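Since the model is a prediction, treat every value here as computed from it, not as a measurement. Throughout, protein chains are lettered first and strands after them, A, B, ... in sequence-line order, and every chain is numbered starting at 1.
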Amino acid sequence: MQEIIITELTQALQELARGFAHYLPRAVVMLIIAFAGWALAYVLKVLVRSVLRLTKFSKFSESAGATQLLNQAALPSSTELLSRFVFWVAWVGFILLGVSVLGIVGLQEYTSRFFLFLPRLFVALVILFLGSLAASFFSRAALLAAVNANFKSSRLLSVSIRIIISIFALSMMFEVLGVAEQTMLMAFGTVFGAVMLGLAIAFGIGGKDLAREFLEKRLATGKKEEKEDELSPL
Amino acid sequence: MAEETLLTDDFLRQLINVGEVDILVGLPTHNNAKTIEPVLRAVQAGILKCFPRERVVIINADGGSKDGTPELVTGTSIDDVWRASKVYALRTLHAITTQYALGPEPGTALRMILAAADLLRARACVVLSPDSTAMEPDWLQRLVGPVYSDKFDMVSPIYSRQKFEGVLMRNLLYPMTRAIYGYRIREPYASEFAISGRLATDFVTSEVWNDEWGRSGAEICLTVTAITGKYRVSQSFLGTKTQADRSASDLVAAMRRTVGALFSSLDSNFPLWSTITDSQSVPTLGTQSELAPEPVRVDCERLREMFATGVAQLEPVFRSILSAATLCELQRIANLEISEFNYPADVWAKTVFEFAASYHKSIISRDHIVQALVPLYRGRTLSFLLENSDDHGDDIERSVESLCGEFERLKPYLLEVWADRK
C-alpha cells in the first residue's frame, strides 16, 4: 500500500516536473517576448510623442477644442494620450503573442480574436474622440452665434446640438464595435426623432412670441433699421 | 512673386500700359455706387490742386459690385473738375478697375492695390475709403504729402468723431496698440492712409498673407509692420469721418478683422513688445477740427441686457478664458442696473489682456475667443457712453487718455498671464 502511494506520488511529481520542464522554456520565451514588447512599445511611445511634438499636434488639438475637453475630463494632453494609447496597444499585443507561445488550447483563439478586434476598437475610439470634439466645437459655436445675435434660448440651442452630435457619434461607435447594432440604430432614430419633435413643439408652443419676433426681424427690414443703434465700432 | 498669381492677365496688361507712376490711389469697393462719385471728385480735385506734375493712377479693386461701381470709377471724367478748378494736370490721369473676387474681401483688395503699387514702382500709395463722402481734396495732400515730400513711410489719419463713433477704436484698438507697441497711433485700423513704395513692397511680400488673421485684418497688420519694422510713421488730421451705415450689425465681423488680427500679431512680435514699457507720441500734422455734437440714438437698456445675457450664457466659455477674479467682477457688473452701471477701465484692460493670453495659448478655437469678447465689448461700450453722456471733445479725449493709461499700467499683468494664463 505504502509502495503504491510512493510510486503514485513519484509519478505525479515526475509528470509535474516533465510538464514544468515542458512549459518552462515557453514561459521564459513568453517573458522575453513580454519584456521585449515592453521595450519596443516604450520606443514606439517615445517615437510617436516626438513626431506629434514635431508636427505641433498639440496646437491643432488646442485649436480644435480637444485640449479643453481633455482638461475637463482630467486627462493628460492629447499628445501624451495618443502616445500612451500606442504603448498599451503594442504591449498588450506582445503579451498576447507571448501567451500564444505557451500553447494553451483555447487561449490562442481568444488571442487571434483580440488582434482581429483591435482595428475596430481603434476606429471606435477615434469616432468617440472626434464626436466629442465635434459636439464641443459646434455647441460652443452655436452658443456664441446665438448670444451675439441676442437669441433668447442660446443655452438650449447649444445643449441640443451637443446632445444630437453625441448621440450620433455614440451610435456610430457601437455600430463599428458590433454591439447591439439594431438596438442602437433604433434607439438613435427614436431619440433623434424625439429631440426634433420636442424642439419643434417647444418652439411652436412655448416660443410663439420668439418665433414672431424672429420672423419680424427677418422679414420687416424697414422696422429693423429703426430699432438698430447708431453705434459704429470703427 | 505674389503678384504672379494674384493679378489677372488683363489687370497686368492695363498696369503695363500705365507704366511707372509717382502716386497710386487705391479704392477698394463693393457696391459703393451711391457714395463713390463725391470721393472720386475729391480725389481728382486733390490731384489737380496738389500733385499736377506727378504721374498718378487710380486703382479700383472691386469685390464683385452689382450696382455698377467699377463703371462709375472708370467713367468719371476729370474734365468737370478741370472746368471747376481751372487747373490742368500736366499728366494723364489713369483709372483702372479690376474685380478680385465675387464678394468683398478687404484684405485681398488691399493686397492687390499694394501689389500694383509695387509693380508700378509708386513712390507713394494712398488708400481711400469709397464711402467717405465728406472727403475734401486736401485729404490727398495731408496723407500723401508727408510720404512724398517728407520721406515718411506711413501716414495714418486722425478724424473728428462723434462720441458714439469709433467706439471699438477708442476702447480697445488704440489703447491696446499703444500699450503693446509703444506708439500713439490713433487709428491703427485705418480705412484711409498713405504709405511709401518701400513699405508697400515690403508688406506685400511679407509673411502676413500666409496667416488667415493677417489676410482678414491686413490694415492693422500694416500698422503693426510699420511700427515693428521701424519705419517712419506720422499722423494727419483729416477732419470729419462720415459713415454711410453706422449700425453695429456687423460687429462680430469687425471684431474678427481688427481684434483677431491684433491678437494674432502678438505671437510673432513677442520679443519686441515684451520689452516696451511706455509709449511715445507720433509726429502729427495739421490741427484738430471742432465737431458739433449730434444726438446719439442708442438703446442703453438693450446694450445692458445683451451684456448681462452674454455674461450669464457664456459662463462656461469665460471660465476657460478669464481668471476667477475677473469673471467674478464681470458677474457683479452684469447685475448692476443702468443707473449704477460701470465697467471700470482696469477691469476692461484686464479682460482684454486675459483674452489676448488665451488667444495666444489657443485655449479654445481662436475664432471663438474673439466672438466671446463681443458681449463684453458691448458692456464696455455702454459704460463709455454713460461715463461721457454729457461730455464732448476734450472731455472724451481725457477719458480715452485715462483708459490708455490703465492699459499701459497693466501691461506687466499681460506679460504675467501670457507666461502663465491664470
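- Contact tally against chain A (heavy-atom pairs below 4.5 Å) for Asn171(B), Leu314(B), Thr309(B): the top residue is Leu314(B).
- Using modelled atom types, one finds no donor on one side chain facing an acceptor on the other under 3.5 Å when comparing Thr381(B) with Tyr343(B).
- When heavy atoms are compared at a cutoff of 4.5 Å, Ala190(B) does not approach chain A at all.
- Residue Glu219(B): no heavy atom, backbone or side chain, is found under 4.5 Å from chain A.
- Residue Arg257(B) touches chain A through its side chain alone, counting heavy-atom pairs closer than 4.5 Å.
- No close placement of the Tyr377(B) and Phe307(B) rings is indicated, their centers lying 6.0 Å or farther apart.
- Side chain to side chain, Glu187(B) and Tyr174(B) fail the donor-acceptor criterion of an N or O pair below 3.5 Å.
- Using a 30° and 60° split on the angle between ring planes, Trp418(B) and His360(B) fall in the parallel class, below 30°.
- Of the residues considered (Ala145(A), Ala146(A), Ser158(A), Ser154(A)), Ser154(A) shows the highest number of contacts with chain B, using heavy-atom pairs under 4.5 Å.
- Contacts of Thr258(B) with chain A are made by side-chain atoms alone, with heavy-atom separations under 4.5 Å and no backbone atom involved.
- Contact of Ile369(B) with chain A is not made at all, since no heavy-atom distance falls under 4.5 Å.
- Aromatic ring pairs are classed by plane angle as parallel below 30°, tilted from 30° to 60° and perpendicular above 60°; the pair Trp38(A) and Phe35(A) is parallel.
- If you run side chain to side chain donor-acceptor pair (under 3.5 Å) between Asp211(B) and each of Ser264(B), Ser216(B), Ser268(B), only Ser264(B) comes through.
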